[in-house]
Structure formats: structure tokens, C-alpha cells
Amino acid sequence: MLDFYPKTKPKLILDATVNAGRFWRGSRRPVVGIDTNPSVRPTVVADNRRMPFRDACFDVVIYDPPHVPNQGRDRRKDFNERFGLVLKSPAVNGYNFSHLYPPFVAEAYRVLRQRGVLLCKIADYIHGHRFQWAHLELVKAAVAAGFTACDCIVKVRRGPIVDPRWKKAHHARRHHCYWVVFRKSDKCE
């Protein structure tokens with residue numbers, strides 16, 4: 001995607017949710033990573049809703065927020081350790097992270113150069129037997145901030161549509177995520 005969507009080779013990329021930097025292992029791309037957790041050793045310890053960068057300084061911003069707002073009772077998969085899930089989402093926020101999207105996309109818009117690209121990896125999910133339309137909430141927030149939505153790529157993973165351990169399934173398990181591509185421009189080209 002970094003070879004396809006930017007019009008020119010990115011001189012500087014911001015990973016606004018870098019965590020341990022798994023995206024960038026073995027890469028020689030010029031990446032600045034921010035995270036609120038200093039123990040993962042980001043380039044800059046900062047909140048992506050209040051970035052300590054000047055306006056229009058990045059060619060590309062990458063955003064891969066946590067996809068699960070609360071871990072629940074099953075502790076066999078430690079989301080805190082694996083994915084940097086340090087925030088919890090209370091009932092007042094609908095147990096989802098969509099309230100974080102507007103301040104983030106406003107900051108991403110500010111730090112991106114004109115015609116810059118915002119690449120977002122986002123997954124919808126089920127919580128409390130309700131489908132959470134995270135990708136739609138992200139698109140609404142980004143368009144409201146001034147971005148043009150340009151593309152949506154569906155990444156599918158393998159596995160059963162329901163977990164055999166479930167006694168009763170209310171929704172099919174989510175086996176995909178989206179890469180949504182935005183441009184800081186009124187056109188996608």
C-alpha cells in the first residue's frame with residue numbers, strides 16, 4: 001500500500017499506533033512511531049489525539065487502533081500484552097472506541113502534508129451481542145475532518161465462522177478487517 005497509494009515515495013511516515021512496531025520489522029522506511037506506553041520504546045511517547053508535531057510534516061499516517069475495547073472474561077489471550085490494549089471503554093462510550101476517532105483524524109489531518117495519505121486498519125466486532133460498526137464510524141469521522149475516503153481493502157483471515165466452544169452463537173465470528181485509505185485532498189488521484 002505504501003508503494004501504491006502515495007503519489008511520491010514517502011519521505012516521512014508516522015505510525016500513530018506503533019506499539020512494538022511489528023509493521024516495520026525489517027523495513028528501511030523512514031518511520032516515526034508514537035505510543036502512550038514508554039515500555040514499548042516508541043520514537044515519541046505521545047497521545048495520537050494530541051500529537052507533538054508541527055503542521056504538514058508527514059507524507060503518510062498509519063493508524064491501527066485496538067480492535068477489542070474490553071477483553072472480557074477469557075484471559076487466555078492477553079490483549080494488553082499482545083496488542084497494547086491499555087484503554088478500557090465504559091458503557092457511556094457504548095463499549096467501543098469510536099469516540100477516539102474524531103480527535104485522532106483531526107490531528108492526522110493537521111500533521112499530514114497536502115495530498116498526504118492516511119492508511120487505517122480497522123475491524124468491526126461484536127460486543128454485548130451488538131455489532132459495532134467501527135469502520136463506518138472511522139469513515140464518518142475522517143470525512144468530517146476533511147479527508148476524502150478513497151479505497152477500502154478487505155483483509156480476510158482463515159478460520160471457522162463460529163467458535164466450536166460457543167454454546168450458542170448470536171453472530172458469525174469476524175474473520176476480516178479493513179484497510180481504509182483516505183487522502184488529504186478533495187480527490188483520490
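Of all heavy-atom pairs between Ile122 and Pro65, the closest is CD1-CG, 3.7 Å. For Arg49 against Glu107, the heavy-atom pair with the smallest separation is O-CG, 3.2 Å. Smallest separation of non-hydrogen atoms from Ala123 and Cys177: CB-CB, 4.0 Å. Taking both residues in full, the closest heavy atoms of Arg115 and Lys7 are given as NH2-CG, 3.3 Å, listed atom of the first, atom of the second, then distance. The minimum heavy-atom distance linking Pro52 with Ala46 is given by the pair CD-CB, 3.6 Å. The heavy-atom pair separating Ile34 from Leu14 by the smallest distance is CG2-CD1, 4.0 Å.
Val60 and Val180 are not part of a single hydrophobic cluster, where members link through side-chain heavy atoms under 4.5 Å apart. Side-chain heavy atoms closer than 4.5 Å link hydrophobic residues (I, L, V, M, F, W, Y) into clusters, and following such links, possibly through other members, connects Ile153 to Leu2. Put simply, Ile13 and Met1 are part of the same group of oily side chains (I, L, V, M, F, W, Y) that touch within less than 4.5 Å, one to the next. Using a 4.5 Å cut-off between side-chain heavy atoms of Ile, Leu, Val, Met, Phe, Trp and Tyr, with links allowed through other members, Trp24 and Phe4 fall into the same hydrophobic cluster. Note: the hydrophobic cluster containing Tyr109 does not contain Ile62 (ILVMFWY, side chain heavy atoms under 4.5 Å, direct or indirect links).
Between Leu112 and Leu118, the closest side-chain pair of non-hydrogen atoms falls below 4.5 Å. Side-chain contact between Met51 and Phe104 is present, with heavy atoms from C-beta onward closer than 4.5 Å. Residues Val45 and Pro38 are in side-chain contact: their nearest non-hydrogen atoms beyond the backbone lie under 4.5 Å apart. Phe23 is listed as a side-chain neighbour of Lys121, based on a closest heavy-atom distance under 4.5 Å. Inter-residue side-chain proximity for Lys187 and Thr148 is flagged as unmet; no heavy-atom pair is nearer than 4.5 Å.
A donor-acceptor contact shorter than 3.5 Å is absent between the side chain of Asp35 and the backbone of Pro42. At least one donor-acceptor pair under 3.5 Å links the side chain of Asn37 to the backbone N or O of Ser39. Formation of a donor-acceptor pair under 3.5 Å by the Thr43 side chain with backbone atoms of Gly33 is found in this model.
At a threshold of 4.0 Å, the pair Arg113-Asp59 counts as salt-bridged, since one of the basic side-chain nitrogens sits closer than that to a carboxylate oxygen.
Within the cation-pi definition used here (under 6.0 Å to the ring centroid, within 45° of the axis), Lys184 does not qualify as a partner of Phe147.
Among Tyr5, Tyr178, Trp179, the one residue that satisfies the side-chain contact (heavy atoms from CB on, under 4.5 Å) test with Asp151 is Tyr5. Checked options Val139, Val105, Val117, Leu119; the residue passing with Phe182 is Val139 (criterion: side-chain contact (heavy atoms from CB on, under 4.5 Å)).
At most 12 non-hydrogen atoms from other residues, nucleotides or ligands lie less than 6.0 angstrom from CZ of Arg41.
For the atom pair Asp64 CG and Thr17 OG1, the distance stands at 5.0 Å (nearest 0.5 Å). Taking OG of Ser98 as the start and NE2 of His135 as the end, the distance is 13.5 Å to the nearest 0.5 Å.
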**Report entry** side-chain contact (heavy atoms from CB on, under 4.5 Å) between Val32 and Asp15, worked out
**Finding:** CA-CA 6 Å; Val32 172; Asp15 187 335; over 6 Å; no
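In this structure, Phe53 and Phe58 have perpendicular ring planes: the angle between them is above 60°, well past the 30° mark. The aromatic rings of Tyr63 and Tyr101 lie perpendicular to each other, with more than 60° between the two planes, well past the 30° mark.
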